[in-house]
Amino acid sequence: MPRFLVVVTLLSALSAAPAYADKRGDARQQVEFGIAVAQKGLWREAIFRWLRATELDPTYAQAFNNLAIAYEHEGELVKAREAYEKALRLEPNNPLIKQNHDLFKEINDRTGRKDGR
Amino acid sequence: MIAPGARTVGSFALIAILSGCTTPFLDIPIETPIQPKLDVRPFSRVFVAGFVSAGTDDVDGNLETVRLLRSQLRNKGTLRVIDADALALSDLAGDGGAAPATAAAEVSDEMAFAAYEKVFADKEYWKKVGEEMQQPLIVTGTILFRPQQRSGFVQRERETFDALGRRVVQPERTYMERKGFILRPSFVFIDGRTGETLHTETFREEILYNSNQTTPPLSSFFELMDRLLPSFLNTLSAQKVRGSRTLLK
């Protein structure tokens, strides 16, 4: 009986792993497409792609980081702050996200706390 | 001797590594638009009226600030800048309440201009000024620019070379006598149609040099003003802040 339980557990874990990997894979594709269009200056399209990535995989800190940058570029500072905070909650020790967030805070503070606070 | 199978596996691994491990981050330039703090749509003109200045006789804080702000607003603002003589606001406080320029250095920053609060709150006066100038947005306020002297321990980096000629940089705490300036401007934005204060913004910047370094006060004044000008301009017009961020994969 215990052996049966172990087998069932292993099988369920194995079947769940590809599903997770698929979601992350799909999200990664959206992120990479977003980066490509952002490089061409198409920031609204990038926002659409990175939003899609965060919907596909809500644990994808990098997608939230990119989304925050795009919102910053578009002057939507409240949304940018929320996205940075989400990215930092997911990966609190990521130095690149921290650095982006620090630079954002500098600008956000300059706006006289009228936006983004 | 490597087995053929192992070689194939190795090649596949290398391809996988090269294709999968492209740089996981990318620096990208961005421009963040910052909305103006004040809605200036009702105005087509701006009048930098003049400032009450105090702190040092070496720099005429009133005239220098008027000149600087007018030129910045002309180049980077959206409103037409009115060229008229700056007002002598120091005379307005009257009633013995005025703080002479040199005495202000001796009182605290906050106390220096207390006597002038009533000048900026005098709606009738500013409404009259507005009528004369065709109801512009009026910029006025106070400018405190005073010397400061500070001594204490500061951390510096000391560069040395070891026996092998390698450069070594070490932090070092040294006692230093320093002098410099404090600039504390307070900008008051007044509606020329009603005389009401729309917005007030206060800044504080300071600079310190080695005591043996001689820097002209006027050059320090402009250096400090330069730091706060973007914020001042952002009160009246949208600004774009350029920077770069790191996109992640």
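Quick note on labels: first sequence line is chain A, next is B, and so on, each numbered from 1.
In this structure, A:Ile35 CD1 and B:Ile28 CD1 are separated by 8.5 Å, a value rounded to the nearest 0.5 Å. The distance from the OH atom of A:Tyr60 to the NZ atom of B:Lys249 is 9.5 Å, given to the nearest 0.5 Å. To the nearest 0.5 Å, atoms CH2 (A:Trp43) and CD1 (B:Ile30) are separated by 6.5 Å. Atom CG of B:Asp27 is separated from atom CG of A:Asn100 by 8.5 Å, given to the nearest 0.5 angstrom. Within the model, atoms CD of B:Gln35 and CG of A:Leu77 stand 9.0 Å from one another, a figure rounded to the nearest 0.5 Å. Atom OG1 of B:Thr246 and atom CD1 of A:Ile97 lie 10.5 Å apart (nearest 0.5 Å).
Residues satisfying the ring pair (Phe, Tyr, Trp, His ring centres under 6.0 Å) criterion with B:Phe232, sequence neighbours excluded, are B:Phe187, B:Phe189. The side-chain contact (heavy atoms from CB on, under 4.5 Å) check on A:Glu82 picks up A:Val78, with sequence neighbours excluded.
Contacts from residues 61-74 of chain A to chain B, taken as heavy-atom pairs separated by less than 4.5 Å, involve A:Gln62, A:Asn65, A:Asn66, A:Ile69, A:Glu72, A:His73, A:Glu74 in sequence order.
Around CD of B:Glu157, the count of heavy atoms belonging to other residues, nucleotides or ligands within 6.0 Å does not exceed 12. Residue B:Arg227 qualifies as enclosed at atom CZ: its count of foreign heavy atoms under 6.0 Å is above 12.
Comparing A:Gln39, A:Gln99, A:Arg28 by how many heavy-atom pairs each has under 4.5 Å with chain B, the most go to A:Gln39.
Under the 4.5 Å side-chain criterion, counting only non-hydrogen atoms from C-beta, A:Asn108 is not in contact with B:Thr32.
A salt bridge (charged side-chain N to carboxylate O under 4.0 Å, His left out) check over residues 229-241 of chain B, counting only residues at least two apart or in different chains, returns the pairs B:Glu31-B:Lys240.
If you measure heavy-atom distances from B:Thr235 to chain A, you find no contacts under 4.5 Å at all. With a threshold of 4.5 angstrom between heavy atoms, A:Leu103 approaches chain B through its backbone and through its side chain. Neither the backbone nor the side chain of A:Ala27 comes within contact range of chain B; no heavy atom of the residue lies under 4.5 Å from a heavy atom of that chain.
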